[in-house]
Amino acid sequence: MFSRKPIVVKDGQLRLKAALLFAGGTLFSGFATPAVATQIASFTANDLIISTVTGSTLDSASPITLQEFQLGANGTQATSVGTFTLPQTSSGSNAAISGEYGSASEGILQRSVDGRYLTIMGYGVNAAAFNTAPVSTYGTAALGQTTSLTAAQQSGTAYTTVPRVVALIGANGSVDTSTALTGVFNTNNPRSATTVDGSSFYVSGQAASKTDSTQGVFYAKRGATTATAVDTSTDTRVVSIVNTGSGNTLYVSRDYNPPGSGKQNNTNVSSLTSSTGGLPTSSTGLVSTHVTPPASPLSSGGNNGSINLTAALANGVNNSRIGSFVYLSPEQFFFASPTVLYVADSGQPKNGNANKAALGEGGLQKWVLVNGIWTLAYDLVSGLTLVNNANANASTPTAPGVTGLFGLTGEVVDGEVELFATSYGLNELSSSYLYEITDVLSDTTAQQASGEKFTTLYAAPAGTSIRGVAFAPVDVPEPSSLALVMAALGGLTLLRRRQV
C-alpha cells in the first residue's frame, strides 16, 4: 500500500509532512513491537517520539533514550522504528546528559516552534559514573538531589557540581548539549525546556525548597552556563512557547503547595509575558496571567487550583466528590486553537487530603474559552483505567496503576484533534504507557465525546519508564526549495497523514 503525509499549515506554523511511501514493506500491526536492537541515526519527519529512562534502583541515573514510532490506521496503531540514546560522554563544549529513574516529573519532550528540533532536560553527568561513585562525591545517591551550585556557591562540604543540561536534538541526529546550566533547580528536578529555533531556551523545574530562588522558569542562550530568572515565585512543571495565531507566547503549568498554613495554593496553567506582551527574557515587567482554572477570589472562600466537580466532569475515581471540589495537577498542555486547550492531568495534586479534594481530576481535560473565561468542558478518561492516587501507601508502596497523564502532543486534521499522551503512574515503579485518542474540535459536552476512548499504542517493558512525547523534528527546506515542494504537491490529492 502507499500512503502520503501531506503538508499541513496549522496556526500559521508550517508542519512539513514529508512523503513517506510503503511498498511491499511491513504493514502497521496494532500494538507497538519492541524497539529494534540497533540505534537509529536520524528521525523521519513527523513520526512519533517518546523519551524513556531505565533502571532497577529508584533515584539512580539513567541514559535518556528516545524511541521512534511510525503510525498507522489513523494513528491508532504504532510500529517501533528504533531507539536513539542521548550522549553519555562529554565532547568539547557538549556535556553528557542523563535522567533520573523514578522521577515522574522529568523527561518532557517538545518540538521547537520552527519544527526543526526536539528539546529535553537532564543532568550533566554520565549515568554509570554517577551510579558507581561513592556518596562523598556528589553528597547523595539520588541524581535529583545533586547540587547544581558551583563550588564557590556551596557552603560547608563542597560536592561535585551537576549542571542541569538542555539537549537540542536535530532531525539529522545532531545533539547539542552545550547549554549546561549551574544555579538552577538546585538539589531537585529539571523538568522541561522549550525553544523557538534553538538559539535560546526557557527551562522549568523545582529546587531544594519552596522558597529557593533556583526554582521556576529561567531564560538562557544556547551554550550558556548560567540562566536569567523569569519567575521564581513557585516551582513549575511544563514551560512551552505557543503560537495560536497572534505571535509566540510563553505558558507554564504549576502544581504548587505553598509553605505555611492558611495559604492558597498556586496550581494553574498561566501565561508569562513581558510588559509589552512578548516573550520575557527576565523578571523585569513580568506579567503572569491565569489561563486555567480561573483564579477563585480568596474573599469568597474559593480554592485556587481547583474545580467544582459535577457528575458530568467526574472521572470514575473522584465521584465521591460530586457536589464539592477537587484540586488539579496540570502537566503538559496543547492548544488546538486559540479557544481550545487540552491539559494532561496527573491525578496526583500536591494539595488536599487523601480521598477528599486530593482525589484530583486525572485524565485529559478539554478547556474551552467561553465569553473570555476558560471553562472545563469535559475530562477524557475512557480506556485509561484510572486508580485512586491513595492506593499506594505505606502498606502497599508499590501498588500498580495509572492515576492520570503526563506528556502530551497533538495536531488538528479536518476538524478532529489527534492527541498522544503518556501515562502518570501511581508510583515510580508502575508500568507506563503511550496512548492515542481523537476528539472532535467543536465538541463542548461530555455527551458529545462519550464514544471517545484511549487506545494503548505502546506499553513499556519492566524497568523502563516512558516520560515525554512529541512529533519528530523536520528539516525545513529553504524558502525556494519549499516553494518547489508545494508546487509538486499542488496537483496531488492531499490525504490525511495517517491512513487506514
Side-chain angles (χ1 to χ4, degrees), residues 1-10 14-36 39-40 42-52 65-84 109-111 115 118 169 171 332 334 336 342 344 364 380 383-384 405-423 432-441 452-460 464 466-475 489 493-500:
M1 69 181 279
F2 290 84
S3 68
R4 296 182 181 88
K5 294 180 178 179
I7 289 179
V8 176
V9 177
K10 175 182 176 292
L14 176 69
R15 287 184 172 177
L16 181 63
K17 309 293 188 180
L20 181 61
L21 305 180
F22 298 93
T26 302
L27 301 181
F28 296 117
S29 54
F31 207 70
T33 57
V36 296
Q39 284 210 17
I40 55 176
S42 60
F43 301 100
T44 298
N46 294 292
D47 275 1
L48 201 66
I49 313 295
I50 61 172
S51 60
T52 67
T65 298
L66 308 184
Q67 186 165 348
E68 180 175 355
F69 295 91
Q70 289 179 346
L71 299 167
N74 289 333
T76 62
Q77 295 179 347
T79 299
S80 176
V81 174
T83 58
F84 184 97
L109 193 63
Q110 299 192 75
R111 192 159 72 168
L118 295 177
I169 306 150
Q332 197 164 15
F334 171 71
Y342 294 88
L364 182 57
L380 296 170
L384 297 179
L405 299 174
F406 180 59
L408 179 67
T409 194
E411 64 179 355
V412 180
V413 180
D414 298 332
E416 291 186 331
V417 190
E418 189 167 26
L419 298 142
F420 299 90
T422 62
S423 62
S432 56
Y433 306 92
L434 171 65
Y435 303 109
E436 182 274 346
I437 194 168
T438 298
D439 184 51
V440 177
L441 180 64
E452 297 174 5
K453 183 177 182 179
F454 285 93
T455 297
T456 300
L457 295 180
Y458 178 68
T464 297
I466 303 171
R467 292 293 176 236
V469 59
F471 288 113
V474 298
D475 278 327
L489 293 178
T493 300
L494 298 184
L495 304 178
R496 184 173 173 173
R497 184 173 66 86
R498 298 178 181 87
Q499 301 294 315
V500 176

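These numbers were taken from a predicted model, which means no experiment stands behind them.
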Sorted by chain and residue number, the ring-ring contact (aromatic ring centres under 6.0 Å, His included) partners of Phe43 (sequence neighbours excluded) come out as Phe84
side-chain contact (heavy atoms from CB on, under 4.5 Å) filter on Thr464, not counting sequence neighbours, yields Thr52, Thr54, Ala460, Pro461
Item to complete: Examine distances only and state if a side-chain atom of Thr422 and a backbone atom of Arg467 form a donor-acceptor pair shorter than 3.5 Å.
Response: yes
Rounding to 0.5 Å, atoms OG1 (Thr456) and CG (Leu384) come to a distance of 8.0 Å
Rounded to the nearest 0.5 angstrom, the CG-OG1 distance for Leu434 and Thr455 is 10.5 Å
**Request:** Consider only side-chain N and O atoms of Gln77 and Thr79, and report whether a donor and an acceptor are under 3.5 Å apart.
**Result:** no
Interatomic distance, CD@Glu411 vs CG@Asn46, rounded to 0.5 Å, equals 7.0 Å
Mind running side chain to side chain contact (heavy atoms under 4.5 Å, CB included) on Phe471 and Ile49 for me, showing each step along the way? CA-CA 6 Å; Phe471 288 113; Ile49 313 295; over 6 Å; no
One should read off an interatomic distance between Leu457 CG and Ile437 CD1, to the nearest 0.5 angstrom, of 11.5 Å
Between Arg111 and Ala470 the two heavy atoms that sit nearest each other are N-CB, 4.2 Å
Heavy atoms of Ile466 and Ser432 approach each other most closely as N-OG, 2.9 Å
_Worked verdict on Val81 versus Thr44 for side chain to side chain contact (heavy atoms under 4.5 Å, CB included)_ = CA-CA 9 Å; Val81 174; Thr44 298; 5.7 Å; no
So CD of Glu68 and OG of Ser42: to nearest 0.5 Å the spacing works out to 8.0 Å
Shortest non-hydrogen pair, Tyr342 vs Leu364, comes out as CB-CD1, 4.1 Å
In short, Val469 meets Thr409 closest at the heavy-atom pair O-CB, 3.9 Å
Using the six-membered ring wherever Trp is involved, compare the ring planes of Phe69 and Tyr458 and label them parallel, tilted or perpendicular (cut-offs 30° and 60°). tilted
- prompt: Would a distance-only check, ignoring hydrogens and angles, find a side-chain to backbone donor-acceptor pair under 3.5 Å from Gln332 to Gly407?
  reply: no
To the nearest 0.5 Å, atom OG of Ser80 lies from atom CG of Asp47 at 10.0 Å
Residues Glu452 and Leu380: closest non-hydrogen pair is OE1-CD2, 3.5 Å
### Message
When you measure from the side chain of Ser423 to the backbone of Tyr433, do you find a donor-acceptor pair of N or O atoms at a distance under 3.5 Å?
### Response
yes
Looking only at heavy atoms, the pair that brings Ala171 and Val474 closest together is CB-C, 4.0 Å
